[in-house]
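Reckoned from all heavy atoms, side chains included, excluding hydrogens, waters and symmetry mates. Counting convention: from 1, in listed order, for ligands and their atoms alike.
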Amino acid sequence: MRTKIKDILKNEQSDYKVNIKGWVRSFRNNQFIAVNDGSCIGNIQVVIGLDTDEAITKRINAGASVSVDGTVIPSQGRGQKVEIKADTLTILGDCDPDQFPLQIKNKPSLEYLREIAHLRFRTNTFGAVFRIRHTLAYAVHKFYNDRGFVYLHTPIITASDAEGAGEMFAVTTLPLGKPPLNDDGSINFKEDFFGRCTNLTVSGQLEAELGAMALSEVYTFGPTFRAENSNTARHLAEFWMIEPEVAFNDIHDNMDLAEDFIKYVTGYVLENNKEDLEFLAQRLSDEEKQKPMNERSEMGLVEKLEFVLNSKFERIDYTEAINILLDSPTYKKKKFQYDVKWGIDMQSEHERYLVEKHFKKPVIVTGYPKEIKAFYMRQNDDGKTVAAMDILVPGIGELVGGSQREERLDKLTERMKEMHIPADEMYWYLDTRRFGTVPHAGFGLGFERLVLFVTGMTNIRDVIPFPRTPKNADF
Ligand code: 4AD
Ligand code: MG
């Protein structure tokens, strides 16, 4: 039976027989093989006899897969407590050094690795990122499960545009070249698979609200799709989102839940992925050394996460946020690319000023102008703002977007009319306001942005196994 390298390295005992399987990272002095099986960042050193048949040794190349039977012994060398003295070594799969795209020790760039799908996973960096991504996903479920939430699977194919931003991918089986047409020349979706125009979902929120109106506390955790043409380091066309929705919660409960949630999952990784985090912290600090002094961050990755865990998120009003920006030296020196005034949808540069320069910690902004937010947000008494909340974090900008929902049928339908959202098509949503409506609130947390934040990686493409971005859907 195969033993995982992680377990051998962890228990540090010796004098027992094992079988390990993995991929060769390096082979030196015709004797020492570093083998990694992805269970942890560390390699195990396998020592083979100098008398090993050359027919075998010439096949021990970086990238080749091997199976080793041997004895775990105290290591003679430095750098590891135990190693394996091999009795037999079998090559499972050869790896031709002349064709293997690179030796991992040459530190390939992240951009280069994005193009070589199979190799990416074999590197220390991506191994660490995807183990942490896994831990985060597990911690998400654990957090909500421990609080009695019900995990609700909302549909991926939908007919409604929850955010009303019109950034949807169409789902159709109609022939693209010659779709059936109505008399007025528009496409006749009655003949389409679902008998209507359908899309990939941008958010599971509206459906989750129906669940919350009966189960009280639900959350979704699934893929969402946005056809926004933003080629940035923070946007994906396919990303995962966690959306809790809670009956009887107001905007303050919503902020508490989101803050607890972010702290819990961050703490869970700090506790369970120490080695991977330390590796990524080192990587980040090496990267920082390339930057000019004034652009380097003051904290290392682990300190940053611990700091977030231990600080109370700043809670401010949108109007206050705008005033801080207007008062800032950056604004006065005209260094913001986009203008600042009450009513704007804050740009990433503004959000990052607030968290990185002004408060130097996560910030929750509430009370946004209704014009820049979705139809379902609860209208405040001032008639101008809604009970929205965005959570901004250092290095990322917006991590969470949420709100208290408009539970009053008349206010909701009025707002939908103003925003030209057809109420008849949304009858199933409005029914929740007709039959036993209650105040409720929820939010969406972008999972990849969370992974970015926790791993200290800088491009969102590097924290999802197979990124989907404009003009890119390889593999
Ligand atoms: O702020 P958004 O658009 O909110 C909603 O979709 C609400 N329906 C959520 C809710 O209240 N249930 O998106 C929520 C979060 C953002 O804060 C961001 O972290 C992430 O989703 N996000 C993206 N992540 C990666 N790529 C994109 N293109 C993203 N768009 C949003
Ligand atoms: Mg948002």
- request: For residues Phe225 and Phe169, establish whether the separation of their ring centroids is below 6.0 Å.
  value: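 No, ring centres 6.0 Å or more apart.
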
Tell me whether [X] at atom [atom1] has more than 12 heavy atoms from other residues, nucleotides or ligands lying less than 6.0 Å away.
X      : atom1 : result
Glu320 : CD    : yes
Lys384 : NZ    : no
Phe475 : CZ    : yes
Lys4   : NZ    : no

Counting only nitrogen or oxygen atoms and a 3.5 angstrom limit, does [X] reach ligand 1?
X      : answer
Leu445 : no
His235 : no
Gly402 : no
Arg226 : yes

Could you list which atoms of ligand 1 come closer than 4.0 Å to a heavy atom of [X]?
X      : result
Gly401 : 1 (O), 9 (C), 10 (C), 11 (O), 17 (O)
Glu228 : 27 (C), 28 (N), 30 (N)
Ser203 : 6 (O), 8 (N)
Gly446 : 15 (C), 19 (O), 20 (C), 21 (O)
Glu243 : 7 (C), 8 (N), 9 (C), 10 (C), 12 (N)
Arg234 : 25 (C), 26 (N)

Under a 4.0 Å N-O cut-off, is there an ion pair linking [X] with [Y]?
X      : Y      : value
Lys291 : Glu288 : yes
Glu238 : Arg226 : no
Asp390 : Lys373 : yes

message: Donor-acceptor check, side chain of Arg133 to backbone of Val451, threshold 3.5 angstrom: yes or no?
response: no

If we only consider heavy atoms of [X], is any one of them less than 4.0 Å away from an atom in ligand 1?
X      : value
Arg405 : yes
Glu245 : no
Trp240 : no
Glu448 : no

Which protein heavy atom lies closest to [atom], and at what distance to 0.1 Å?
atom                    : value
atom 26 (N) of ligand 1 : Leu236 N, 3.0 Å
atom 15 (C) of ligand 1 : Gly444 O, 3.6 Å
atom 1 (O) of ligand 1  : Glu398 OE2, 3.0 Å
atom 19 (O) of ligand 1 : Leu399 O, 2.9 Å
atom 18 (C) of ligand 1 : Arg449 NH1, 3.5 Å
atom 24 (N) of ligand 1 : Phe239 CD1, 3.5 Å
atom 14 (C) of ligand 1 : Met241 SD, 3.4 Å

Measure the acute angle between the ring planes of [X] and [Y], then classify it against the limits of 30° and 60° as parallel, tilted or perpendicular.
X      : Y      : value
His153 : Tyr151 : tilted
Phe221 : Trp240 : perpendicular
His350 : Tyr338 : perpendicular

- request: Could you please spell out the steps behind the side chain to side chain contact (heavy atoms under 4.5 Å, CB included) verdict for Glu406 and Gln379?
  value: CA-CA 7 Å; Glu406 183 55 82; Gln379 294 165 55; 3.7 Å; yes

- line: Between Asn254 and Gly402 the two heavy atoms that sit nearest each other are ND2-C, 4.4 Å

statement: Residues Leu301 and Leu284: closest non-hydrogen pair is CB-CD2, 4.1 Å

- prompt: How is the N/O/S atom of Glu398 that comes nearest to the Mg ion (ligand 2) named?
  reply: OE2

Residue Asp390, metal the Mg ion (ligand 2), N/O/S under 2.8 Å: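 Checking Asp390: none of its N, O or S atoms is under 2.8 Å.
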
Tell me the contacting part of [X] for ligand 1: side chain, backbone, both, or neither, using a 4.0 Å heavy-atom threshold, strictly below.
X      : answer
Val400 : backbone
Thr224 : neither
Tyr376 : side chain

